Structure formats: C-alpha cells, structure tokens
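Side-chain atoms are counted along with the backbone in the values below, which use heavy atoms only and exclude waters and symmetry mates. Bear in mind the structure is a predicted one, so any value in this text is a computation, not a measurement.
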Amino acid sequence: PTPGIVDTWSSLVYHRGILAYQDQGGKVTAHSAQNGTILWSVDLDPVTWAGNNASPVAEGGVIYAATMQGKVFALDVQTGTQLWMKDLGTYGAIESSPAVSQGVLYFGTNSGWLFGISLSDQSLVLQKELLTWDPETKQWYPSMVGGSPTISDGVLYVGCMNGDFHAIDLASQDTLWHFQTESYIHTAAAIRGDWVAFLGDDRLFWIAHKKTGVILCNPVYRGIDNYAHFNPFFLDKDLFAAGCATHMYQYRPEECRVITTIGLGCDLRNSIVGKDGWVYANLICNKICAWGPDLRTSTPTRTVTPTRTP
C-alpha cells in the first residue's frame with residue numbers, strides 16, 4: 001500500500017476484509033485490508049460540505065456513518081451503495097460516533113438529543129433529550145453529546161461536551177444516574193466488570209460503578225499530558241489511555257494510579273487499541289507500534305513503517 005495523509009479524525013473500521021474511514025469533508029473511503037487498494041469512495045452529501053468529527057461503525061455487511069449536517073447513512077460495505085439515509089438535521093450536528101447494539105444504531109447530537117434507529121426499518125426507538133441543571137442561572141440546558149455511546153447490560157453510557165456523563169436505561173429510557181465533570185467529554189466509555197471509565201479534557205481518569213455512579217477513585221490525578229480525544233480501553237485489569245500528545249498511560253483502578261507511562265515519540269493519529277494482551281498505536285509520524293504484555297519499558301515490541309510497494 002502507498003502511505004499518505006488523510007484529513008480525518010476518524011478511526012479505521014475493519015469489516016469483512018475491508019478497512020474504511022470517513023474524512024472531514026464527510027467522504028467515506030474503503031480499502032482492501034489485504035493490499036490497500038481503494039475499493040470505493042462515496043461523498044455522503046456532495047451538494048453541501050457534510051463535515052465530520054465522528055468515526056463510522058460496521059455491522060452485518062453495512063457501514064453506518066453520520067455527518068455534521070445531522071444525517072445518518074447506511075452503505076453496503078462491499079460496494080459503497082447507499083442503502084438508506086435518515087435526516088435528523090433539525091436536532092443538530094452529529095459529532096458523536098455511532099454505536100450498534102441489539103439491532104439498533106445509537107448516537108447523539110450537539111443540541112443534546114440521544115437517538116436510537118432500528119436497523120430493520122429505520123424507525124426511531126429512542127429519542128431522548130439530555131439536560132443539565134445550572135444552579136447559577138437556575139435553568140436547564142442541553143447536554144451536548146460529544147462522546148460515542150457505550151452499551152452494557154441494557155444501559156447506555158455517554159459523555160457530553162458540557163462535562164455531563166449519563167447512564168440511560170434503554171428499556172425505560174430513564175436516566176439511572178449522571179454526574180458533571182468540569183470539561184468536555186469526547187471519548188467513549190470503557191467497561192470492565194462493574195466499572196465504567198472515561199476521560200475528559202480535564203485530563204483526569206474518571207471511573208464509576210456502572211450501576212450507581214459512585215466514583216471509585218478521587219479524580220485528582222492529572223495523569224494525561226494533553227486533552228483526551230481518544231477512547232480508553234481495559235486490557236485485563238488495567239485501563240489504557242492517551243491524550244493528544246506523545247504518551248500512553250497504563251492506569252490501575254485498584255490502586256488509583258498510573259503504573260506505566262509510555263513515550264510514543266510522536267502524536268497519535270487515532271485511538272489506541274488492545275487485543276490478546278497487546279497494545280497497538282497508529283502514530284502521526286507514519287508508524288504503527290505494538291507493545292507486548294510486558295509494558296514496563298517504553299520501547300515497542302514491534303514497529304511497522306508503511307512503505308511504497310510496486
């Protein structure tokens with residue numbers, strides 16, 4: 001494959017041998033995962049600049065992508081053919097990456113609305129306005145959804161740009177609990193056992209009991225070196241996270257502290273991921289690095305630099 005620079009905040013999505021992403025103009029492009037060949041590229045809204053701050057998601061042979069114009073598109077993963085489109089533009093821009101669970105596509109808008117679209121008939125099965133109370137003005141304000149929803153055991157967890165974090169029961173659509181931080185929340189939540197974790201632009205590690213919202217650790221440790229725009233994840237008993245800078249962190253909730261700081265050498269391009277005891281990072285300096293189970297050293301176990309091939 002030929003390396004190149006793409007103007008995108010989107011993470012890659014892998015599905016059925018295809019790697020796809022969405023650029024900031026709203027265009028979705030799919031490559032062969034085997035050789036990097038571009039298979040198709042689709043402008044979601046060629047008439048107006050669609051805009052995009054979210055990543056697509058794939059399920060059942062379909063790629064789902066959202067735009068800043070408040071539209072949701074379903075594309076055939078093999079051909080890029082548009083299967084359907086849902087226009088919710090009157091409810092604001094979609095800056096939240098969608099998530100799929102039990103045949104429903106969930107996402108939020110920057111005007112404070114949370115939606116669930118049935119993948120079978122595109123009907124709305126969830127439409128809920130998220131509000132926060134301002135004690136100074138004594139008014140309710142929309143909780144602008146900025147984080148991607150995470151679903152676990154019938155509960156949807158989502159963070160907002162005004163610092164709110166919500167737990168919504170999907171059966172009743174009631175808010176089970178919520179609390180407010182003091183900064184934007186751009187990331188999706190990570191879940192392990194009874195705990196839900198996320199990060200905000202305050203650079204704190206927030207970990208709460210997923211049923212009650214009780215905070216596990218007093219979030220006073222500013223462990224992230226820059227704004228947290230990349231999703232954290234659990235690997236075994238530890239939480240891995242990174243900010244918009246050159247370090248990755250291994251945080252141990254049971255001890256409420258960072259146990260390893262890993263220097264990356266350059267900024268991240270998108271979220272770090274973990275699988276089978278390994279941690280992977282895609283860096284803006286055109287390197288993909290992998291760390292094995294022993295993370296006590298900042299030296300990657302493996303490093304790949306993409307090169308041009310005939």
Side-chain angles (χ1 to χ4, degrees), residues 8-16 18-30 40-130 142-151 156-161 166 168 170 173 186-189 231 270-271:
T8 178
W9 289 104
S10 167
S11 295
L12 290 171
V13 57
Y14 174 84
H15 191 59
R16 298 187 178 180
I18 288 176
L19 287 170
Y21 60 87
Q22 186 175 356
D23 69 20
Q24 286 192 285
K27 180 185 292 184
V28 178
T29 301
W40 52 263
S41 187
V42 175
D43 269 323
L44 296 185
D45 194 345
V47 178
T48 61
W49 187 73
N52 171 63
N53 282 334
S55 298
V57 65
E59 180 81 9
V62 180
I63 290 177
Y64 302 96
T67 73
M68 295 285 283
Q69 303 298 322
K71 297 177 181 180
V72 181
F73 293 81
L75 308 174
D76 183 274
V77 72
Q78 299 295 334
T79 65
T81 302
Q82 181 177 313
L83 303 177
W84 53 263
M85 185 273 290
K86 191 85 168 179
D87 189 350
L88 296 167
T90 57
Y91 293 94
I94 302 172
E95 300 190 47
S96 157
S97 300
V100 176
S101 179
Q102 302 294 315
V104 179
L105 185 75
Y106 295 100
F107 59 92
T109 72
N110 65 3
S111 64
W113 285 89
L114 193 63
F115 290 100
I117 298 178
S118 169
L119 299 184
S120 61
D121 60 8
Q122 293 77 64
S123 62
L124 289 178
V125 298
L126 172 66
Q127 183 174 350
K128 181 180 178 65
E129 188 176 19
L130 302 180
S143 294
M144 301 176 290
V145 179
S148 179
T150 302
I151 298 95
L156 183 148
Y157 302 91
V158 68
C160 300
M161 288 185 279
H166 297 262
I168 311 294
L170 290 177
Q173 301 191 9
H186 298 279
T187 72
N231 298 335
N270 43 42
S271 295

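The aromatic rings of W113 and Y91 stand perpendicular to each other, their planes meeting at an angle above 60°, with 30° marking the opposite boundary.
Atoms CG and CD, from L114 and E129 in turn, are 11.0 Å apart once rounded to the nearest 0.5 Å.
Contact check for F107 versus V145: no side-chain heavy atoms found under the 4.5 Å cut-off. The shortest distance between side-chain heavy atoms of I168 and K128 falls below 4.5 Å. Residues D23 and T29 form no side-chain contact, since every pair of their non-hydrogen atoms from C-beta on lies 4.5 Å or further apart. Looking only at side-chain heavy atoms (C-beta outward), F115 and I94 stay at 4.5 Å or farther from each other. The side-chain heavy atoms of L124 and I117, taken from C-beta on, include a pair separated by under 4.5 Å. When side chains are defined from C-beta on, V42 does not count as touching Q82, because their heavy atoms never get closer than 4.5 Å. Put simply, the side chain of C160 reaches to within 4.5 Å of the side chain of L130, judged on heavy atoms. Counting heavy atoms from C-beta on, the side chains of L119 and Y64 come closer than 4.5 Å.
In this structure a side-chain-to-backbone donor-acceptor pair under 3.5 Å is present from H15 to G61. Proximity of a side-chain donor or acceptor of Q173 to a complementary backbone N or O of V125 within less than 3.5 Å is detected. In this structure a side-chain-to-backbone donor-acceptor pair under 3.5 Å is present from T150 to A189. Remark: side-chain polar atoms of S96 are not paired, donor with acceptor, to backbone N or O of G146 under 3.5 angstrom. Remark: the backbone N or O of S55 is paired with a side-chain donor or acceptor of S97 at under 3.5 angstrom. Of the possible donor and acceptor atoms, one in the side chain of K86 sits under 3.5 Å from a partner among the backbone N and O of Q122. A distance-only check finds a donor-acceptor pair linking the side chain of Q22 to the backbone of A66 [under 3.5 Å]. Side-chain N or O atoms of N231 include one that pairs as donor or acceptor with a backbone N or O of A188 at under 3.5 Å.
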Open item on the list: Show, in sequence, the C-alpha distance, side-chain angles and deciding distance for W40 and V28, and conclude whether the side-chain contact (heavy atoms from CB on, under 4.5 Å) test is met.
Closed with: CA-CA 8 Å; W40 52 263; V28 178; 3.8 Å; yes
